Number of protein chains: 2
Amino acid sequence: MARKTGSHSEITGPKIRAAAQRLFAQDGFAAVSMRRIAAEVGVQAGALYLYTPDKQALLFDMMTAHLGELLEAAAALPAAPDPVARLDRFARFHIAHHLERPEAVFIAYMELRNLTPENFAAVEEMRRRYEQMLQAILSDGKAQGLFRIGDAKLTTLALIAMMNGVTTWYREGGRLSRSEVAAHYADMALRAVRA
Amino acid sequence: MARKTGSHSEITGPKIRAAAQRLFAQDGFAAVSMRRIAAEVGVQAGALYLYTPDKQALLFDMMTAHLGELLEAAAALPAAPDPVARLDRFARFHIAHHLERPEAVFIAYMELRNLTPENFAAVEEMRRRYEQMLQAILSDGKAQGLFRIGDAKLTTLALIAMMNGVTTWYREGGRLSRSEVAAHYADMALRAVRA
DNA sequence: CTTCTATCTGACCAAGCGTTCAGTTCAAGA
DNA sequence: TCTTGAACTGAACGCTTGGTCAGATAGAAG
């Protein structure tokens with residue numbers, strides 16, 4: 001037996017990425033074998049190497065795709081003159097965006113230590129750029145006297161950590177809807193920094 | 001060669017736990033082999049099994065020890081009649097306690113998925129009890145009209161996530177001291193919930 | 001119908017995994 | 001000094017790992 005009937009790279013490729021993402025999120029990068037990913041796709045392990053040079057690239061590409069999408073979406077946010085409105089918008093966007101792809105989010109900050117040093121540096125740089133967007137809003141608001149903030153960098157990290165946490169507990173069909181959760185978090189973020 | 005000169009279970013035991021904790025925090029449970037832990041201690045892999053029944057127990061005991069210590073320390077916090085003071089005290093305690101043992105904290109919430117189902121349930125129960133302490137403070141404050149909170153459970157999770165995040169970036173000898181960081185986080189937590 | 005190439009199998013490699021255990025050596029008590 | 005048991009070694013177990021590759025088969029093109 002060799003080539004499968006109906007096989008196509010445009011089908012198998014995404015299937016592999018999807019299976020890898022699901023399994024990495026569930027059990028962790030180190031605990032998932034290439035054979036298990038292959039089995040999930042319905043293929044032998046060797047076939048995976050037609051689509052990725054190695055396991056590391058599977059993880060790295062997954063992370064950069066996620067962060068690239070995040071940066072792009074954040075950059076496309078409608079501008080607002082008022083830092084208060086911008087923070088509210090940013091917080092709601094962040095929560096909504098993250099709740100829509102919990103697996104990618106989870107992987108992007110749980111599997112950092114499984115990246116090679118070069119890949120880690122690249123991912124960190126993307127993450128830094130994203131955090132910089134939030135920090136700019138906070139600094140602006142502080143300069144305008146709208147926010148009372150001790151340290152903009154620390155506050156940025158605190159708010160991001162708070163908002164990222166939502167993916168660890170939120171479950172579809174639970175007590176609260178996504179927009180209720182987003183509103184609640186945005187409210188807390190604003191109150192934590194407003195003058 | 002067999003028994004080492006100067007060897008003693010009261011020395012080797014803690015050494016093993018310390019090495020395992022450092023390595024688990026650095027590279028993750030799944031990525032660390034028993035041989036590597038043994039090498040770190042200066043012993044052969046087989047010797048580890050005099051101190052732990054298996055690798056899983058090494059992780060589980062580490063987590064329960066950490067959470068047990070956390071629960072005990074939190075329970076010993078001096079009481080305060082006012083929910084505002086209690087929240088301030090709790091937040092400062094949480095930050096200080098976590099900054100003193102970043103490795104244990106990191107492991108306790110990064111390696112949950114590497115626990116067997118029974119062990120996971122036990123750890124989750126301890127975590128739940130801790131979160132309950134914070135939730136009680138928030139609910140009290142809400143009942144007394146001191147806090148304006150939409151959902152106490154959600155707020156609890158948001159505050160814990162925010163405060164836990166500190167261990168991912170704080171480095172000894174950095175720009176801010178531990179108590180400055182603790183004060184800043186406590187301030188944000190209070191402002192996020194106060195009426 | 002034939003040819004070509006994209007796709008996949010299945011066997012294989014060297015290395016490493018968690019764990020066990022018979023045997024060896026040291027420390028401490030008699 | 002002798003004995004006993006705690007502490008440890010080193011080899012071995014069966015299995016899994018990431019990765020490679022020659023060969024086989026399917027779909028697409030002519």
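These numbers were taken from a predicted model, which means no experiment stands behind them. Chain identifiers are assigned alphabetically (A, B, ...) following the order of the sequence lines, protein sequences preceding nucleic acid strands; residue numbering begins at 1 within each chain.
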For B:Tyr185, ring-ring contact (aromatic ring centres under 6.0 Å, His included) partners two or more places apart: none

Under the ring-ring contact (aromatic ring centres under 6.0 Å, His included) rule, collect the residues that match up with A:His184, sequence neighbours excluded. none

B:Arg194: partners by salt bridge (Lys or Arg N to Asp or Glu O under 4.0 Å), with sequence neighbours left out: none

Pairs in or reaching into residues 73-82 of chain A: which pass salt bridge (charged side-chain N to carboxylate O under 4.0 Å, His left out), with residues at least two apart or in two chains? none

Ring centres of A:His94 and A:Tyr130 under 6.0 Å apart? yes

Think A:Thr12 has a side-chain N or O under 4.0 angstrom from the OP1 or OP2 of C:dT7? no

Roughly, in whole Å, what's the span from CD in B:Gln44 to P in C:dT25? 15 Å

Show me the pairs that pass ring pair (Phe, Tyr, Trp, His ring centres under 6.0 Å) and involve residues 46-77 of chain B, at least two apart or across chains. none

At what angle, to 10 degrees, do the two end axes of the helix from C:dC1-D:dG30 to C:dA30-D:dT1 meet, given five pairs define each axis? 10°

DNA chain C-proximal residues of residues 49-60 of chain A, any heavy atom under 4.0 Å: A:Leu50, A:Tyr51

For A:Lys153, which residues count as a side-chain contact (heavy atoms from CB on, under 4.5 Å) partner, sequence neighbours excluded? A:Glu131, A:Gln135, A:Asp151, A:Leu157, B:Arg175

Nearest-neighbour nucleotide for the A:Val43 side chain, D:dT9, C:dT19, C:dC8 considered: C:dC8

Close approaches to DNA chain D from residues 29-40 of chain B, in residue order (heavy atom, under 4.0 Å): B:Arg35

To the nearest Å, how far apart are B:Leu48 CG and C:dC21 C1'? 15 Å

Restricting to side-chain contact (heavy atoms from CB on, under 4.5 Å), what partner residues turn up for B:Arg22, sequence neighbours left out? B:Glu40, B:Glu103

For A:Phe106, which fellow cluster members are found when Ile, Leu, Val, Met, Phe, Trp and Tyr are connected by side-chain heavy-atom distances below 4.5 angstrom, either directly or through intermediates? A:Tyr109, A:Met110, B:Phe106, B:Tyr109, B:Met110

State, with a plain yes or no, whether a side-chain heavy atom of A:Leu159 is found less than 4.5 Å away from one of A:Leu138. yes

Whole-Å distance, A:Ile16 CD1 to D:dG19 P, equals 14 Å

Salt bridge (Lys or Arg N to Asp or Glu O under 4.0 Å) against B:Asp61, all qualifying residues, sequence neighbours excluded: none

Measure NZ/A:Lys15 against C1'/C:dC8 and give the value in whole Å, please. 13 Å

